Amino acid sequence: MKTSKPLVEKVVSYRGIEEFVLNSKILVGTSENFDDLVSNGRKLVLFYAPWCRYSKEVRPNFNAAARSLLNGDLIAVNCDEQEDLCELLEIDIYPSFYVYEDGELILKDFDRTISDFRRAILAPKSDLKALAAKQENEKRMKKLPSEELDLPKQNVKYDE
């Protein structure tokens, strides 16, 4: 019976403290290499903060997806270490997921399951654009009617 060796995972540390363990197939994005990393093919990028509970919760699924995808399909950016890059890309929620194809951002934030991560890499671009349109429509539907319809706000006076 043949057994496969588990993938070695690398430790990404921040200020000398082990905080975030990533699969060895996940590339580490920095301000210096980010444009090069996303410029060729489709890439799924995780923007995270090592202290963030939600970033830590999604890490196992992100690592598992990396095991079944090609080396370099997934990229992780530590926004504590790469503040300039995350600020430039207007990342203000952790974790955030962006999908790039040949340097173009084609999808932002979606569900965080292993199959969703795999789909982000493997699905046809038209499917991802349809998903992006659906997500945008859902965001609009969540707005209050007065915002959506651009109704004037009523001035209400309260007794003091």
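Given the structure is predicted, the values throughout are model-derived calculations rather than measurements.
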Between Lys43 and Leu37, is a side chain to side chain contact (heavy atoms under 4.5 Å, CB included) present by the stated rule, with each step listed? CA-CA 8 Å; Lys43 308 296 180 193; Leu37 291 177; 5.9 Å; no

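- Ring centers of Tyr54 and Tyr94: at least 6.0 Å apart, outside the cut-off.
- When side chains are defined from C-beta on, Leu22 does not count as touching Leu74, because their heavy atoms never get closer than 4.5 Å.
- The heavy-atom pair separating Ile106 from Glu101 by the smallest distance is CD1-OE1, 3.8 Å.
- Separating the CD1 atom in Ile75 from the CG atom in Leu27 is a distance of 6.0 Å, to the nearest 0.5 Å.
- Between Thr113 atom OG1 and Arg118 atom CZ the span is 10.5 Å, to the nearest 0.5 Å.
- Heavy atoms from other residues, nucleotides or ligands lying under 6.0 Å from CG of Asp102 number more than 12.
- Grouping the Ile, Leu, Val, Met, Phe, Trp and Tyr side chains by contacts below 4.5 angstrom, directly or via other members, places Trp51 with Phe47.
- Every residue was checked against the salt bridge (Lys or Arg N to Asp or Glu O under 4.0 Å) condition with Glu87, not counting sequence neighbours, and none meets it.
- Aromatic ring pairs are classed by plane angle as parallel below 30°, tilted from 30° to 60° and perpendicular above 60°; the pair Phe62 and Phe117 is perpendicular.
- Note that CG of Leu69 is 11.5 Å distant from CZ of Arg42, once rounded to the nearest 0.5 Å.
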When you look at Gln82 and Thr30, which way does the side-chain hydrogen bond (donor to acceptor under 3.5 Å, both in side chains) test go after all the steps? CA-CA 6 Å; Gln82 304 300 320; Thr30 66; 4.8 Å; no

Working for side chain to side chain contact (heavy atoms under 4.5 Å, CB included), residues Val45 and Phe97: CA-CA 6 Å; Val45 184; Phe97 297 93; over 6 Å; no

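- In this structure, the separation between CG on Leu122 and OG on Ser115 is 11.0 Å, given to the nearest 0.5 Å.
- The hydrophobic cluster containing Val77 does not contain Leu88, counting ILVMFWY residues as joined when their side-chain heavy atoms lie under 4.5 angstrom apart, directly or transitively.
- Atom OG in Ser24 sits 9.5 Å away from atom CG in Asn63 (nearest 0.5 Å).
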Between Ile91 and Tyr98, is the side chain to side chain contact (heavy atoms under 4.5 Å, CB included) condition met? List the steps. CA-CA 10 Å; Ile91 306 297; Tyr98 285 18; 3.3 Å; yes

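- For the pair Asp73 (side chain) and Ser68 (backbone), a donor-acceptor distance under 3.5 Å is absent.
- Under the 4.5 Å side-chain heavy-atom criterion for ILVMFWY residues, a single connected hydrophobic cluster contains both Val38 and Leu105.
- Nearest heavy atoms, Arg67 versus Asn23: CG-ND2, 3.2 Å.
- If you chain together hydrophobic residues whose side chains sit under 4.5 Å apart, Ile114 and Val58 never meet in one group.
- The pair Glu90-Lys108 fails the salt-bridge criterion, with no side-chain N (NZ, NE, NH1 or NH2) lying under 4.0 Å from an Asp/Glu carboxylate O.
- Atom SG of Cys86 and atom CG of Asp80 lie 8.5 Å apart (nearest 0.5 Å).
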